[in-house]
Every structure is written in C-alpha cells, then in structure tokens.
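Just so we're clear, the structure is a prediction, and the values are computed from it rather than from any experiment.
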Amino acid sequence: MANNNEQFKAFHDAIKASKTRKETLRTNRQALRDKIKKYFKDNHPDYVQPKFCWQGSFAMDTILNPIKDEDGLGAYDLDDGVYFISDDEDDKKDLEWYHSETYEAVKNHTTKGAEDNDPCVTVLYADGHHVDLPVYFMIEDETPQLSHRKTPWIESDPKGLRTWFNDECSEKTNLKRMVRYLKAWCDFVKSETDKKMPTGCILTMLAAEHFAEPDADGREDVQMKDILVNMYDSLSADNGFHCYRPTSPYDDLFEGYSEKRKKDFLNELKSFKEDAERAINSKNPKDACGKWQKHFGDRFCCSTAKDEDEDAQKKSFAGTINNESKYA
C-alpha cells in the first residue's frame with residue numbers, strides 16, 4: 001500500500017496561509033473597521049453604532065493560500081460581520097439603508113473600490129483579495145438577522161457556526177487539515193475548469209459530517225481517502241444530496257443547486273474518490289502521488305515520493321541475511 005503521508009504534510013505547508021499573510025489581513029480588517037466606525041459616528045451619531053465579528057475561514061482557521069492567476073494575484077475571500085445590536089426592535093432600519101450606508105463608508109477605502117451585492121458589501125484590494133461585509137441587526141441575546149436582499153432579514157448565526165466547528169475539532173483529529181485539503185481540491189478544480197464547486201462553508205460541514213479518524217499510523221492520505229468515500233457514498237445515494245447547516249437557520253445549503261451543478265460536483269467527487277482509492281492501493285508511491293496531484297495540482301509535489309515498489313522493497317529486505325546471523 002503506497003504511503004504519501006509525507007507529500008500530504010508538505011502540501012499542507014504549501015496551502016496553509018502564512019503567519020505574515022494573516023497579519024496583513026488582520027491589519028486590513030482593522031483599517032476597514034475603523035473606517036466604518038468613523039463613518040457612522042460622524043453621520044449617524046444618535047443611532048446604534050456598529051460592532052464587528054470576524055467570521056468564515058479566517059475565523060475558523062481554515063484559510064488557504066490562493067492559487068494565483070496569470071497576473072500573479074490570488075483571491076482570498078474574507079468575511080467580517082458588521083453588527084447593529086439593540087434591545088429594541090424599533091431601532092431596526094430598512095434593509096437598503098444598511099447596505100447603502102455601509103457601502104458609503106467603504107466605497108473609497110481602496111483603489112479598487114467596493115461593490116454592493118445582495119448578501120453583503122464587498123471591498124476589493126489590488127492584490128486580488130476581497131473582504132465581504134455582511135450586515136446584521138440583532139436584538140441582544142437573540143439570533144442575528146442578516147440583511148440579505150434575496151432572503152430579507154433571515155436568521156443567521158456565524159458566531160454559533162464557529163463555536164460548532166471548534167467543538168467538532170476538539171473531538172475529531174485533523175479536521176481542520178482535512179477541510180483545508182478539500183478546499184484546496186475545489187480551488188484547483190475551479191482554476192482549471194468553469195465548474196462551480198461548493199463553498200468553503202459547505203466543505204467544512206461535509207468534512208465534519210463524513211469524517212473518518214486517521215488509521216493507527218496517523219496517515220493523512222488514508223484519512224482523506226476514507227472521508228472522500230464516506231462523502232460520495234452518502235451524497236450520491238437516493239435523496240442523499242443534502243448539506244444541512246448545524247446552526248440557525250438550519251437550511252439545506254445544496255437546496256439551490258441546479259442539476260448541472262449537482263452533477264458536476266458529484267462527478268468531480270467520484271473521480272477524486274476513485275483516484276484516492278487507487279493511490280492507497282498502489283504499490284508505488286510515485287505513481288500514487290501522481291493520482292493525488294491530478295486533483296490537487298502542482299502544489300502537491302511528488303519530487304520526494306519514492307519510485308519503487310514498496311512490496312518488493314519489503315520482500316528484498318526480508319530476504320537479506322544479517323552478517324551477524326548464524327546462517328551468514
């Protein structure tokens with residue numbers, strides 16, 4: 001059975017966002033927060049003032065180094081929730097007011113500007129990354145309400161989702177690493193094709209739901225294969241294509257998928273699962289590594305994988321007579 005655990009660990013080092021990059025993103029986040037706070041203090045001093053909560057992959061510590069495009073840019077997708085918290089429902093203003101005022105606060109923050117999208121305001125940066133600013137109104141101690149144009153004032157609890165994920169990670173070995181591998185796979189597929197793959201949020205939930213503990217040797221290649229098998233077997237079953245959010249509003253995140261998007265994802269997942277099984281069952285680590293690389297891209301480096309039959313090596317070693325043996 002080919003062992004590519006060493007290549008998986010090197011791949012993880014390549015895709016996990018560096019400490020320096022995270023500090024840059026934190027600095028950008030704080031500058032945005034300061035800009036928004038100043039805008040509302042100057043223009044709406046008598047209204048509820050904004051507070052903030054970092055959410056998404058950065059908050060969950062599953063953020064990746066992006067695959068760079070032909071211009072050398074990489075798209076970090078970051079989320080920072082803007083919260084207006086009150087003890088009085090009458091303080092809630094019109095949904096469009098929150099969108100327009102948040103947009104006004106940040107529209108000139110960078111040279112790339114900002115966009116007012118249905119779910120959030122998005123601030124664009126020259127290096128390719130962007131920060132999404134979903135806006136919430138919240139009655140104290142109740143579930144936040146998201147100002148989403150398509151589903152107005154839907155309950156949404158990103159902070160609760162982060163708590164859920166931290167609890168899952170405390171019980172499931174390597175869960176964050178498995179999430180990063182799945183996200184890196186989808187990033188590669190998206191970079192090579194026009195297919196719309198699941199979001200990082202969906203992949204996080206799928207990894208937790210279809211989790212498999214590592215084997216006795218702690219091999220991450222085996223663990224990844226087992227998760228892919230569990231995931232495909234479940235999602236491809238009759239009436240099995242679901243991903244339910246574990247926090248409010250407990251919706252099915254696959255509900256809006258078209259048949260084409262569902263088929264594309266299941267086909268990619270099946271191909272990945274089958275190659276993962278072939279890789280684990282292979283006798284040659286170099287050949288096995290190529291099967292993983294097919295789905296992860298060149299960042300999954302095979303230069304350290306041995307080009308030899310592991311079973312043959314074991315047999316050769318087993319037939320060697322120790323010079324100190326009485327049979328030598």
Side-chain angles (χ1 to χ4, degrees), residues 17-45 47-85 93-138 144-154 156-159 161-162 183 187 190-191 196 199-201 204:
S18 68
K19 182 178 180 180
T20 299
R21 186 58 183 169
K22 287 181 180 179
E23 285 302 319
T24 299
L25 297 175
R26 286 192 185 95
T27 299
N28 290 349
R29 174 192 67 180
Q30 190 57 51
L32 263 180
R33 289 180 172 184
D34 291 342
K35 179 68 70 70
I36 295 169
K37 285 190 288 187
K38 184 177 186 307
Y39 177 86
F40 279 91
K41 183 178 179 180
D42 290 347
N43 293 277
H44 306 288
Y47 184 60
V48 178
Q49 296 299 293
K51 296 183 179 180
F52 304 86
C53 185
W54 205 227
Q55 59 193 59
S57 61
F58 194 102
M60 293 184 182
D61 191 26
T62 60
I63 188 171
L64 304 183
N65 289 320
I67 298 174
K68 294 184 178 180
D69 62 21
E70 59 186 11
D71 297 320
L73 302 178
Y76 286 92
D77 181 4
L78 306 174
D79 300 88
D80 198 20
V82 184
Y83 288 77
F84 295 88
I85 304 173
K93 294 184 179 294
D94 181 78
L95 185 150
E96 287 298 331
W97 184 87
Y98 289 99
H99 273 259
S100 63
E101 290 303 295
T102 302
Y103 174 76
E104 285 297 318
V106 301
K107 66 181 182 180
N108 296 319
H109 183 67
T110 70
T111 58
K112 299 288 287 186
E115 299 173 347
D116 185 3
N117 301 308
D118 288 340
C120 62
V121 173
T122 300
V123 179
L124 309 173
Y125 288 80
D127 65 355
H129 87 272
H130 65 268
V131 177
D132 289 332
L133 299 167
V135 184
Y136 302 84
F137 181 83
M138 179 180 174
Q145 303 170 51
L146 174 63
S147 60
H148 194 309
R149 288 193 178 98
K150 290 185 177 180
T151 52
W153 299 119
I154 186 172
S156 180
D157 189 12
K159 188 175 181 180
L161 187 63
R162 185 174 65 182
K183 290 173 64 175
D187 283 353
K190 286 186 286 188
S191 72
K196 294 183 66 176
T199 64
C201 181
T204 299

Distance-only donor-acceptor pairs under 3.5 Å for side chains of residues 25-32, two or more places apart:
unit_1: Arg26; atom_1: NH1; unit_2: Glu23; atom_2: OE2; d: 2.9
unit_1: Thr27; atom_1: OG1; unit_2: Glu23; atom_2: O; d: 3.0
unit_1: Gln30; atom_1: NE2; unit_2: Asp34; atom_2: OD1; d: 3.0

Restricting to non-hydrogen atoms, name the atom on Lys41 and the atom on Pro45 that form the minimum distance, rounded to 0.1 Å. O-CB, 3.4 Å

What class does the angle between the rings of Tyr83 and Tyr136 fall in, given that below 30° is parallel, 30 to 60° is tilted and above 60° is perpendicular? parallel

Identify, with sequence neighbours excluded, every residue that meets side chain to side chain donor-acceptor pair (under 3.5 Å) alongside Asp116. His99, Arg149

Measuring from Lys107:NZ to Thr102:OG1, what's the distance to the nearest 0.5 Å? 13.0 Å

Please tell me whether Phe137 and Trp97 form a close aromatic pair, meaning their ring centres lie under 6.0 Å apart. no

Let me see the working for Ile67 and Lys190 under side-chain contact (heavy atoms from CB on, under 4.5 Å), right down to the final yes or no. CA-CA 10 Å; Ile67 298 174; Lys190 286 186 286 188; over 6 Å; no

Residues in side-chain contact (heavy atoms from CB on, under 4.5 Å) contact with Asn65, at least two apart in sequence or another chain: Ala17, Tyr76, Arg299

Just by distance, with hydrogens left out, do His129 and Asp77 show a side-chain donor and acceptor under 3.5 Å apart? no

Would you compute the distance between atom OH of Tyr47 and atom NZ of Lys93 and round it to the nearest 0.5 angstrom? 6.0 Å

State, to 0.1 Å, how close Pro50 and Ile36 come at their nearest heavy-atom pair, and which atoms those are. CG-CG2, 4.1 Å

Straight-line distance of Leu78 CG to Ile63 CD1, nearest 0.5 Å: 4.5 Å

Please determine which of Cys201, Pro134, Ser156 meets the side-chain contact (heavy atoms from CB on, under 4.5 Å) test together with Gln55. Pro134

Flag, side chain of Thr122 to backbone of Glu115, donor-acceptor distance under 3.5 Å: no

Whether His109 and Tyr125 hold their rings parallel, tilted or perpendicular, with breakpoints at 30° and 60°: perpendicular

Sorted by chain and residue number, the side chain to side chain donor-acceptor pair (under 3.5 Å) partners of Asp118 (sequence neighbours excluded) come out as none

CZ of Arg162 to OG1 of Thr204: how many Å apart, nearest 0.5 Å? 13.5 Å

Looking at CG of Leu133 and OH of Tyr103, how far apart are the two atoms once the value is rounded to the nearest 0.5 Å? 12.5 Å

Minimum heavy-atom distance between Lys37 and Phe52, given as atom pair plus value: CG-CE1, 3.5 Å

Give the minimum heavy-atom separation between Thr62 and Lys183, together with the two atoms involved. O-NZ, 3.0 Å

Just wondering, are more than 12 heavy atoms of other shown residues or ligands nearer than 6.0 Å to NZ in Lys35? yes

Minimum heavy-atom distance Gln49-His44, with the two atoms named: NE2-O, 2.9 Å

Hey, what do you get for CG (Asp94) to CD (Glu101), rounding to the nearest 0.5 Å? 11.5 Å

Grab the two heavy atoms, one from Pro144 and one from Met138, that are nearest each other, plus how far apart they are. CG-SD, 3.8 Å

Who passes side chain to side chain donor-acceptor pair (under 3.5 Å) against Gln145, sequence neighbours left out? Lys92

Mind checking side chain to side chain donor-acceptor pair (under 3.5 Å) for Lys38 and listing every partner two or more places apart, or none if nothing turns up? Asp42

